[in-house]
Amino acid sequence: MSALLAVEDLGKSFGGLRAVSGLSFTVNEGEIVGLIGPNGAGKSTVFNLINGVFVPDAGRVQFRGGNITGETPYRVARHGIARTHQVVQPLAELTVLENCTVGACFGRENLPLYRARAVAREAAAFVGLEDRLAMPAAQLTIAGKKRLELARALSAQPLMLLLDEELAGLNATEIERMLEVIRSIRARGIAILIIEHLMQAIMGLSDRIVVLNSGQKLAEGAPAEIANNPAVIEAYLGDPALAASLHGGAPA
Amino acid sequence: MNDALLEVEELSAGYGEVQVVWGLSFAAARSKLTTLVGANGAGKTTTLRTVVGTISPWSGRVRFKGEDVTRLSAHAKAARGLVLVPEGRQLFTNMTVDENLEMGAFTGRGAHGYATRLERVFTLFPRLKERRKQKAGTFSGGEQQMLAIARALMTDPEVLIIDELSLGLAPLFVYQLFGTLKALKEDGLTVLLVEQNVHLALAVSDYAYVIAEGRLFTEGRPAALAAMPEIRRAYLGL
Amino acid sequence: MLGIIAAIIDGVLIGSVYGLAALGLTLIWGVMEVINLTHGAAIVAGMFGLYLLANAVHIPPYATLPLILIGGFLVGIVLYWISVHRLMGRPPLMILLSTFAVNLVVIGLGTAAWGTDLFNVPVSLPSVTWGRYTFSGTHILAAALTTAIAGALYLFLYHTKLGKAVRAVANNREAAELAGIPTTRVLSLSFGLGVALAGAAGMLIATMFPFTVLSGDAYQLKSFVVTALGGLGNPAGALVGGIALGLIEGFAGQFMPVSWTLVIEFVLFVAVLIIFPRGIFAFRRA
Amino acid sequence: MRKLYLLAAVAALVAAPAFADDMLTIGMTLSQTGPLNVDSVAQQRGAELWRDEVNAAGGIKAGSKHYKVRFVTYDDQSQGGRVQQLYTRLIVQDKSQFLFGPYSSGLCATAAVISEQYGKPMLITGGAEAKTLELGNKYLVQVLSRAGEYLAGAIRALESKNAHAKLAVVYADDPFSKAVAVAARKLAQAGGLDIVLDESYAPNTTDFSAIINKTISASAEALVGGGHYADGATLARQIHDQKANLKYISLLVAPDSPQFASLGDAAYGITVPSQWEVQAAYKPDFGPTGAAFAKAFAAKFKIAADYHSALGYAGGLLLQHAIEQSGSIDADKVVAVLNAMDVTTFFGRFKIATDPGHHGLQVAHEMVLAQWQRKNGRLEREVVWPKAAQTADLIYPLH
Amino acid sequence: MSGKTTGTVAGEQRASLRRRPFFWIIAAVIAAFALAPAIGNNVELRESLLLATVYITLASNLNIMLGYAGYINFGSIVFFGLGGYTCVYLISAHGWPLAAAELAAGVAVSFLALVFGLGILRLRGAFFALATIGINEAVQAFVSNFEPWGGAAGLYLPTTIFKPLGGPMRALWVVYFLLVAVMGASLYLSYAVKSSKFGLGLIAIGQNEDAAVVLGVPAPLYKALAYSLSAFLPALAGGLYFFKSAFIQPSDAFDLNLSTEAMVIVMLGGRSTVTGAAIGAYLYEELRGYLLTSQTFSSFQLVISGALLLLIVLFVPGGLMGWIYGRWPRGKEVLE
C-alpha cells in the first residue's frame, strides 16, 4: 500500500490567524480517510491547500510521488484530484449535463467535448441525476446540487476525490443513497478524503480518521479508536466539566 | 408558553427555489434562554435569518410581543428590540470598538440611555473598554464575539438571538461568554440561541428545540433531551 | 526651476479638484460597489447649475455651492431609486448599463437645450503672483473649498452617527441592517452624496474653466484614473490620487511634450490597476 | 390596413412638394449632437438664410426654369461613422442634386468617397484641410480658405510689430489645428520669428496650467494656435488668469464665437483668424453686401453672424450663381462653371484650383485677422489685418 | 427532456456543426445580407446594412468576452481602431494590397491583444472594466502622438486606392461583401466557440470562475486566448471600414461610445447568445439610423436611446433572447 497523497508539515496563516499548522497525514490508494473536527478547525482550508486554491506557507503536498505544492487548481485537477465544495458552487445557468461536461473536459483525461459528454452522462446517472440532465443547475434542490457537485467531480475521472460535507443538508433517505454512491466510488478504486459532520456516517464509512482542532492534528486512527478518544469527545461536545460548572453557577 | 415573547408559527423559508425550512414552530419565553440545536445544514441559520427579516419567509408568521412582525424589515425589527448576533460575528471590521457599539445603538431605542448602557457593556466586557479605539478587524475571534454581543446589547434588545456563539472560539472564551449569557438572562433578557456545543447549550438553557432537515425533531427541557440517545447519535455517531 | 515649482503648485491646486470629483465616484463604489457612469453628467450638471444660478438668477458664484450640493444630493437620491435600487445584487454589468443609460438621457437633454456651445462664468478674484508665475484666485479658492468639503465629509463620516452608519453599511451591509440601520435609505443617501460631490466639483471647475455640455467625459475619465491611483472606495486615497494626477499633468509636462502626459496618465492607470489594485496610496488595511 | 393608407396619404401630402419638378434638393449632414455642433449649426443657419431668401425671391433661375430650394439634413454626431451612409441616403433616397459637405475635413474626405461616385458636386464650407482636396476628387469645391492660410495673417501682423518676437505655437491634436500649426510654424521660421515653444495638446484638454507655465518659462512674447471651442476658450481664460504676460495672442475658432465675449477681460486683445468679418467690406459681384447679410442674419436668428454662418450663406450663393450661369442643374455643367469662376461676393474672392491633383482647392479667398477690442466699454471684434481691410489698429503689445 | 439522453457517443462524434439547424440559419443570414442590396443595386440599403455588419461583428466578438466569459470590456473598440490604423497605414505608406494589409492587421492586433490580455486579465469585475477603458484611452493618446500614423491629423487615402478593386463604385461593393464575410465569420466563430470545449470552459468561467478553475479550466490561458481571438475579426472589420472611409483619425478609431454601443447591443439581444448579438446589433442599428434621420427625433436621439436602454436593463434583463427563451424554451435548441 503506497501513499497516493502525502501531506507533510502543512501550514497556512491568514493575517495573524494560524488556520493550519504542522499538519501531516497520508491517504493510500483505494482508501477512504475522514477528516473531522469542530467548525472552524481548518478542514476546508486543508482541502484548499491540497488542490491549490491557497498556496501553503509551509510544508509540501505530494501526489503519486510528485510534488504538487502550490500548483494552480486547474493543474491539480489535471493530476487527478477532484473535489466538491461545502457551499455548493454550481455553474448556475448551465444544465446538469453541461456542468458535468465541464468536469469531464478539463479533468484528468482532458477529454474532447463529444467524449466528455458521454462520460458526464454516465457520472450524472451514477449519482442519480439522469432524469435532470437538461435542467439548469440553479433549479436543482439542495440535495440535487450536492449530487451535482459529486457528479461533476466524478466526471473528471479522478484518482482521488476530496468530498467536503457531501451529506450536509440531506435527509435520511438521501444520506443513505449518498453513502451507497460513495462506497461504490471507492469500489472503483478511487481514493477519498472526506470532511463530514455526520459522525454516524463517517464512522461507518472511513478506513481511517484524522481529527483536526484549531488547525492542528488532534488525533488519527481507526474509527473505533477515535470514537473513544476523550480529547475528541471534548472537542466535539465541549467540556462536560465546564458545562457542569455553568449549571451549578460557580466558575470552575 | 403563554409568556412567550417571540412566537414562530409554521415558518417555511428557503433560497431561490430551494426550500430549507419546512413549517417550523417554536417560541422563546420571556426572560428564559431557549436553544435551537441541530446538525449542520438543518436550517437553523436560515430560520434565524427569516425570524429577524434578512430573508423573507415563504409562509408562516413571526409574532413579537403578540404583534405580527413577519413582514417587517430587519432594521425595523431591530428597532423594536428583536436583535440577532449573526453567525461569524459580522462586525464592522474597519471601524473602532466605540463606533461598532455606537452603530449598535443606531435605532431610537438604542440611542435612549446610551451612556448607561455603554457602561454596562464595558462592565460585562472589560476587555473592550481597554481597546475602545482599536479597529474591530484586528481582534481575535473571542474578542470579536464579545464585541458582536456587546453591539447587539447596545440596541437594548428584548430578545437577543445568537447564531453559533462558540463557533471557532477557544474554550476559555466560550466559558466566559456562556457565563455572560447566563448573567444577562438572570437580569431579565430573553435569549434565543443556536449552538453546536450541545453540552454547554443544554447546560445553560431553559428549553430546547432539536431541528433536523428544516423540521422540528423534538423539543423539551434540556435535562430530558440530554438523556436522549438519539441526540447523542445525531451529533457524534456514538 | 521656478517654473517647475510653479507647475507643482498648480498641479496640487487643480489636482485637489480632480480629487473632489473622484471622491464622489469612490464614495459610491466604497458603499455599494457600483461604478456610477452618471458621474460625468453630474459634473456637467454642477457646471450648468453654476451657470444658470449665477447668470440667470444672479446669485454670487460661490454662493451657489451649497445650493448645488443640496440639489445634487436630491437628484442623486432620485437617481438611486431609478437606476440602481432595482439592480442591486444583479451582475455589475446591469448597473453600469443603467447608469450609462441615465447619462445618455442627461447629456441628450443638455445637448438639445444648449447644443455644445461654450459657456463661461466670469469670476474675478485677486490672484497671487510669484515672480513671473501667477496662481489664479479661482484655482486657490477652488482648492480651499475642496479641502473644506473634503474636511466636512470627513467630519460627517467619522464624527456623526449618520456618517458612521454610511461607513457601517459600506463595511458590512447585512450587519448594518441587523443593527437597526435602514440600509436602503443609507445607500440612497450615499448615492446622493456621491452625486452632490460630483456636482460641487463641476461647479468649482466651472469657476476656473469654460465648459460645454460634453465636458463631463474628460472629467469622468480623470476620476477613473484618480480612483485607480488612490484605490477604489478609499476617500482619502481619492484626494491624494487627485493631487497625484494634478502633479503628473503639471510636472511631467515640464519635461516632455504636453500631449504625451495623457499617454503617461493612462498607461499609469492601467499599470496601477494591475500592480496595485487597491491603489498606490492605499494604506495597509486590517 | 386602413391605418396604413391613411399614413401613406399623409406621407404623400407632406412629401408632395418635394417631388415637384421645380425643386432643387441640397443634402448635407451637420453635427446636431457632437462636439463640433456650434460651428456646424452656425453654418447651417447661414445656409438656411440663403435658402429662404432664394425661395422668397422665386427660386434659382436656370435657363427657363425656376427652382425652389429644399434642404435635407441629417445629424452626423461629428463622427465619421455614419457619414457615408447618410450621404448615400441623401443622394439615392432623397435625390439631392447638390451637396454641402459635413463639418470638418476628415468627414468631408469620407463623404467625398460617396459624392464622387455619384458625380454630385459637394461644396465644402466647413473643412479647411487641404488634404481633402488632394486625393483626386473631381466634384469638390472648397469655399473657404485652406487650413494653411489660417494663421498667415496672424504671423504677418506679428512680424509687422516685432520681427524677432519669441513665439509659442500651442495647438490642439486634431487634423485641422495641426495643419494650421504646421503651416504657421513654417511661415514663422521663414519670417525670422523665434519659436521658443511648440506644443500640442489633446482636444479634450481641460487644464492648460502646464502649457502656460512652460510658455512663461520659455519667455514667450506671443502665442498662436488653439483648436476649437472649449479648449480655445479655456486656453484664453487661463492665459489671462495666470497672467502669462503675452504681448500677442492669436487663437483659432473659439474667439470667433459671440460667446467668447463672456470671457470678459480674458477675451480682450485676443486675435482670431477669420474667414470673414462684417467689417471687411468687399464689393460683391452679386448677392448682398456683408452688412446686408449680417443684418438679415441678425433679424432672422436674433444672434450676430460669424464667419461660419457667412460660409453657409456664401456656399449657397456661389452654387446659385453657378447654376444661373450654366443655365441648368446638370452637375457637370455647374462644376464647369465653378471651375472657371473668379468672383467676389460679400464673403470675399472665390477661385478654385482645377489641376487634377488639387481640384476644388480654394486659392483666392483671403482671410482676415480680427481682434477683440473695447469699444464704448463693450468687447467687439475689429478687423486688424490685412491693412487694406483694417477697421482698427492692432493693439500691440497687450501688456 | 429525457429525450436528450438518447444520442449515442458515436452519433455525437459525427454530429458536426453543419448538422445543426443553426448552421444554416447563419448561412441564410449571410446570404440575405449579401443578396438583399445586390438585387436591384440598392446602394442605400447596402450602406445601412454595412453599418449593421460592423455592429454585428463588434457585438459578436465582444460577446465572447462579455457574454461567455463574463468579463466587461469597455474598450473592445481598441481592436477595431488598431485594425483600421494598421490596414490604412500599410496601404497608404507602403502600398500594400488590401488583402495583405487586412491579414497583417488582423494578426498584429490579435497578437497585441494577447499581450494586453495576459496583463489585464489578472483583474476581475470592475477593475477589469476600468482597465479596458484605460487601454483604449492610452492607445488613443499614443496614436495621437505617433507621427508615422499621422498623429492627431490622421491618415487620408487618395481615390486611386480604389482602382485595384475596379474603381470606387465597385470597390465599395467589394468592401461590403468582405464586411459581410467578416460578419459571417464572426457569427460562425461565435457559434463555433460556443459549441466547443473552449467555449464551454469560457462559459464556466463566466458562471463561476473559482469553481471552473477547481474543475480544471485553465482560466488565465483561456481568457487571454478569448481576448486575443475576439480581437481578430473586429480588426479586419476596422481595416475594411476605414479603408472605405478613406480617412482615419484617433477620435473616430477609438471612440469609446462605439464600445459601449456594442455592450448595449449584447444586452439588448441577450448575453451569451449568438443570435442575440446579431439581432440586437441589427435592431440597434435600424433604431439609431431611424432616430438620426428622423426630423422629429434627431435632436432627442440620445435621450430616446438612453431611456430605451434603461427600460430594457430594468425590465427585460435577459434581453431579447432571454425573453424568447422564457416564452419558448425549445428555442434554445434552434437559436443558439
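In the text below, chain A, chain B and the rest are named by the order of the sequence lines, each starting its count at 1. Remember, it's a predicted structure, so these values are computed and weren't measured experimentally. Heavy-atom basis, side chains included; hydrogens, waters and symmetry copies ignored.
Proximity to chain E is limited to the side chain of C:Val270, based on heavy atoms less than 4.5 angstrom apart. For a residue to count as touching a neighbouring chain, one of its non-hydrogen atoms must lie under 4.5 Å from one of that chain's; by this rule E:Phe300 touches chain C with the side chain only. With a 4.5 Å cut-off on non-hydrogen atoms, E:Leu66 touches chain C through its side chain but not through its backbone. Residue E:Phe74 touches chain C through its side chain alone, counting heavy-atom pairs closer than 4.5 Å. Within the 4.5 angstrom heavy-atom criterion, only side-chain atoms of E:Ile72, from C-beta onward, approach chain C. Residue contact with chain E, scored on non-hydrogen atoms closer than 4.5 Å, involves the side chain of C:Leu87 exclusively. Residue contact with chain E, scored on non-hydrogen atoms closer than 4.5 Å, involves the side chain of C:Leu221 exclusively.
Side chain of C:Arg173 to backbone of C:Thr183: no donor-acceptor contact under 3.5 angstrom is found.
Taking each heavy atom of E:Leu123 and E:Ala131 in turn, the nearest pair found is CD1-CB, 3.7 Å. The minimum heavy-atom distance between E:Ile64 and E:Ala226, with the atom names listed, is CG2-CB, 4.0 Å. Residues C:Val195 and C:Ala42 approach most closely at CG1-CB, 4.0 Å, considering heavy atoms. Here the closest heavy-atom approach between residue E:Ala152 and residue E:Pro250 is recorded as O-CD, 3.8 Å. Across all non-hydrogen atoms, the minimal contact from C:Val226 to C:Gly242 is CG1-N, 3.3 Å. Across C:Leu27 and C:Leu193, no two heavy atoms sit closer than the pair CD2-CB, 3.6 Å.
Under the ring pair (Phe, Tyr, Trp, His ring centres under 6.0 Å) criterion, C:Phe211 pairs with C:Phe48, sequence neighbours left out.
Here the straight-line distance linking atom CG of C:Leu245 with atom CD1 of C:Ile14 works out to 11.0 Å at 0.5 Å rounding. Distance CG/E:Leu58 to CZ/E:Phe80: 5.5 Å, rounded to 0.5 Å.
Within a 6.0 Å sphere centred on CZ of C:Phe255, heavy atoms belonging to other residues, nucleotides or ligands number more than 12.
When each of C:Ile35, C:Ile107, C:Leu37 is scored by its heavy-atom pairs under 4.5 Å with chain E, the top score falls to C:Ile35. Taking chain E as the reference chain and counting heavy-atom pairs below 4.5 Å, the highest number among C:Leu96, C:Ile95, C:Val34 is found for C:Leu96. When each of E:Leu314, E:Val139, E:Ile120 is checked for heavy-atom pairs under 4.5 Å with chain C, E:Leu314 comes out on top. Chosen from C:Gly108, C:Pro257, C:Ala271, the residue pairing most often with chain E at heavy-atom distances under 4.5 Å is C:Gly108.
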Put together the list of donor-acceptor pairs under 3.5 Å connecting chain C with chain E, please.
unit_1, atom_1, unit_2, atom_2, d
C:Arg86, NH2, E:Leu314, O, 3.1
C:Ser259, O, E:Asn145, ND2, 3.1
C:Ser259, OG, E:Asn145, OD1, 2.6

